[in-house]
S.K.: 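Supplied in structure tokens, the structure appears directly below.
Protein chains get the first letters and strands the later ones, always in sequence-line order, with residue 1 at the start of each. Note that these values count all heavy atoms, side chains included, but never hydrogens, waters or copies made by symmetry. Nothing here was measured: the structure is a model prediction, and the numbers come from that model.
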2 protein chains.
Amino acid sequence: MPKKVTRQGLPPLDWLKVFEAAGRHGSFTAAAEEFGATQAAVSQRIRNLESWLGRQLFIRSARGVSLTVDGESYLPLVHDSLRALEQGTENLFGHSVRELRIAAQPSHLEMLLLPRLTVFSENYPDMRIVTETVPKRQDFEAADRALHIRYGRGVWDRREGVLLANEVLQPMTAPEHAKAWRSLPAIELRGERPGWSEWARVTGEGEPEMGPVSVDSMGHALRAARLGIGVVLGSRALASSLLQTGQLECVAAPELATIDGYWMTWPASLGKSKRQAEVLASLTAALQNL
Amino acid sequence: MPKKVTRQGLPPLDWLKVFEAAGRHGSFTAAAEEFGATQAAVSQRIRNLESWLGRQLFIRSARGVSLTVDGESYLPLVHDSLRALEQGTENLFGHSVRELRIAAQPSHLEMLLLPRLTVFSENYPDMRIVTETVPKRQDFEAADRALHIRYGRGVWDRREGVLLANEVLQPMTAPEHAKAWRSLPAIELRGERPGWSEWARVTGEGEPEMGPVSVDSMGHALRAARLGIGVVLGSRALASSLLQTGQLECVAAPELATIDGYWMTWPASLGKSKRQAEVLASLTAALQNL
DNA sequence: CTTCGGCATTAGAAAACCTAACTCTCAAAC
DNA sequence: GTTTGAGAGTTAGGTTTTCTAATGCCGAAG
């Protein structure tokens with residue numbers, strides 16, 4: 001009637017991870033820190049293991065713990081076995097485990113991702129971020145196993161996703177022209193975003209004089225504005241880091257909110273394990289941070 | 001903010017046990033049986049592992065599963081590592097893990113334990129039972145790490161225990177004399193148990209004629225009765241297997257219940273782990289079985 | 001003889017896990 | 001071409017395990 005025979009002769013292996021760490025450090029507290037858990041958790045797991053084996057592995061004293069003879073004999077075996085597993089796992093799956101592929105248009109990579117990446121990297125120092133530049137919309141399909149950062153309404157097949165920020169457009173210029181922006185020529189941005197005339201219509205403002213410059217990407221538009229070429233109807237989200245560093249400035253004029261936004265999406269198969277979910281959550285948090 | 005970093009680069013190891021079994025069998029169902037769990041449990045753990053690693057390990061088809069290239073590469077590593085751990089654990093701790101030391105008086109070992117041991121051994125085929133004969137009461141203290149089977153009222157220091165059976169005394173003879181037992185001489189049993197006079201007092205029966213034989217252990221008394229030497233005030237519990245095989249027979253006379261009983265006890269440190277608790281429960285069940 | 005670092009212990013909360021019941025798919029048998 | 005059956009996937013919900021937070025305890029160092 002023995003019900004949960006895991007495998008004859010092997011204790012629950014996760015206890016061994018803890019034993020190994022505790023033995024290596026000679027301290028339950030240190031081991032607990034290594035795992036990001038509490039000292040009590042380590043204490044209990046060790047006790048379980050000792051109980052399972054029917055022998056003490058540690059000698060407890062007020063100043064810390066030290067291994068018993070049994071523990072001393074057991075540690076190398078456990079250490080080596082775990083090391084072998086870790087090493088082999090790393091060799092075979094290391095790439096997929098510690099690599100995050102992110103596909104996006106070049107300007108999104110530059111203006112949304114890169115400025116916020118350091119926050120994430122501090123939390124996950126040895127996670128590699130691999131970007132894949134997507135020149136055109138339809139090229140996203142080729143990168144269907146990667147994370148996507150893209151502009152739209154948040155409906156994509158077979159993908160989960162979160163909204164990073166809604167698109168909010170507002171006139172922006174180089175700081176030195178912010179006061180007298182009305183005298184600047186407007187920069188035209190072609191594409192799916194509402195333009196100056198829509199802005200004028202919705203806000204009731206007068207439409208500014210169009211200048212000679214017309215670009216087809218928000219990245220170029222913002223750069224042009226930064227150079228003092230004119231006033232641009234810029235994206236709050238994309239301009240965020242330029243605004244924060246004072247390279248651009250919002251002028252005193254109403255904004256135009258849209259229903260579109262910047263989304264991060266990933267294949268539904270991702271994020272199922274706790275580890276991945278945490279990584280995703282951390283990245284999301286970093287990117288949503290304004 | 002990564003909270004539960006177990007150990008960078010190692011998946012939860014218990015998933016690997018399942019992977020190894022599934023890979024070995026080429027079947028989730030078979031693996032589930034090996035663990036005494038359901039197929040769904042295996043399916044989920046494998047999925048978790050695959051998700052953690054970011055790669056598929058099995059190819060599912062309606063007829064079963066087979067390893068992918070990744071799985072094929074991973075299996076030997078996992079197999080060997082687990083094998084090494086299992087082997088080493090067995091070498092170091094095998095004795096304490098698969099050995100059950102049972103201390104008791106010789107007659108208890110013979111009449112209580114041995115007849116019921118096969119039931120237990122069927123459930124735990126590779127558990128070694130090591131008996132330690134205890135000639136005298138006080139010798140139990142020397143075997144304080146072993147299980148004890150002993151007669152008394154169930155109060156022992158630092159030990160947990162369960163009552164196997166209360167002591168119930170009843171006149172018994174060899175089967176051929178059971179009818180005419182009144183004409184047989186009574187066998188005297190010296191010791192802590194109530195004797196014939198107590199039996200006569202409590203039940204109101206006439207006290208039988210005492211014969212010439214007087215013994216100091218229940219084992220001897222029962223053996224004497226079996227040989228036709230006389231009628232004995234026998235212990236139901238100890239005589240149980242003799243009664244079942246027809247070597248002894250209870251006569252038609254009232255029984256005498258006592259408040260003493262046969263107890264199994266163990267050091268409080270034992271039975272803390274699930275595995276041990278199950279083993280103990282199984283042994284207890286076997287011994288309580290009449 | 002007090003303090004302080006480190007472990008044990010506990011109850012209760014949180015997470016992980018398992019099972020039961022169901023579905024889906026394919027192959028083999030009819 | 002249907003039927004059947006084995007085996008895997010999927011869920012929701014209950015159960016077990018594990019973790020945390022709080023507290024107690026011990027002994028070494030001041």
S.K.: Salt bridge or not for R55(A) and E50(A), using N-O below 4.0 Å?
M.R.: no
S.K.: Report the distance from atom CZ of F35(A) to atom C1' of dT18(D), rounded to the nearest whole Å.
M.R.: 14 Å
S.K.: For the backbone of L163(A) and the side chain of Q288(A), can you confirm whether one donor and one acceptor N or O come within less than 3.5 Å of each other?
M.R.: yes
S.K.: CD of E33(A) versus C1' of dG6(C): gap in Å, rounded?
M.R.: 12 Å
S.K.: Taking only residues two or more places apart in sequence or in another chain, which ones pass ring-ring contact (aromatic ring centres under 6.0 Å, His included) with Y74(B)?
M.R.: F93(A), F19(B)
S.K.: Is there a donor-acceptor pair closer than 3.5 Å between any side-chain N or O of S282(A) and the backbone N or O of F120(A)?
M.R.: no
S.K.: Just list the side-chain donor-acceptor pairs under 3.5 Å for residues 61-69 of chain A, sequence neighbours left out, or say none.
M.R.:
unit_1	atom_1	unit_2	atom_2	d
S61(A)	OG	R63(A)	N	3.3
S61(A)	OG	G64(A)	O	3.1
T68(A)	OG1	Q56(A)	O	2.9
T68(A)	OG1	L57(A)	O	3.1
T68(A)	OG1	D70(A)	N	3.4
T68(A)	OG1	G71(A)	N	3.0

S.K.: Rounded to whole Å, how long is the line connecting atom CG of L13(B) with atom P of dT18(D)?
M.R.: 13 Å
S.K.: K274(B) side chain N/O closer than 4.0 Å to the phosphate oxygens (OP1, OP2) of dT17(D)?
M.R.: yes
S.K.: Please give, in whole Å, the distance from dC18(C) P to K17(B) NZ?
M.R.: 11 Å
S.K.: What's the CZ-C1' distance between R45(A) and dA15(C), to the nearest Å?
M.R.: 12 Å
S.K.: Would you say the side chains of E160(B) and T265(B) form a donor-acceptor pair under 3.5 Å?
M.R.: no
S.K.: N/O contacts under 3.5 Å, protein versus nucleotides 7-14 of chain D?
M.R.:
unit_1	atom_1	unit_2	atom_2	d
dA8(D)	OP1	F28(B)	N	3.2
dA8(D)	OP2	T29(B)	N	3.1
dA8(D)	OP2	T29(B)	OG1	2.5
dG9(D)	OP1	R60(B)	NE	2.2
dG9(D)	OP1	R60(B)	NH2	3.3
dG9(D)	OP2	S43(B)	OG	2.7

S.K.: In chain order, what residues pass the salt bridge (charged side-chain N to carboxylate O under 4.0 Å, His left out) check against E122(A), with sequence neighbours excluded?
M.R.: none
S.K.: Taking the six-membered ring of W266(B) as reference, does the cationic atom of R159(B) (NZ for Lys, CZ for Arg) lie under 6.0 Å from its centre and within 45° of its axis?
M.R.: no
S.K.: What residues, two or more places apart in sequence or in another chain, satisfy salt bridge (charged side-chain N to carboxylate O under 4.0 Å, His left out) together with E90(A)?
M.R.: R98(A)
S.K.: For the pair made of NZ in K272(B) and P in dT17(D), what is the distance, rounded to whole Å?
M.R.: 15 Å
S.K.: Output the rounded distance in Å from CG (D14(B)) to C1' (dT16(D)).
M.R.: 14 Å
S.K.: Starting from C1' on dC26(D), measure out to CD1 on I59(A) and report it in whole angstrom.
M.R.: 16 Å
S.K.: Compute the bend angle of the helix from dC1(C)-dG30(D) to dC30(C)-dG1(D) from the end axes (five pairs per end), rounded to 10°.
M.R.: 30°
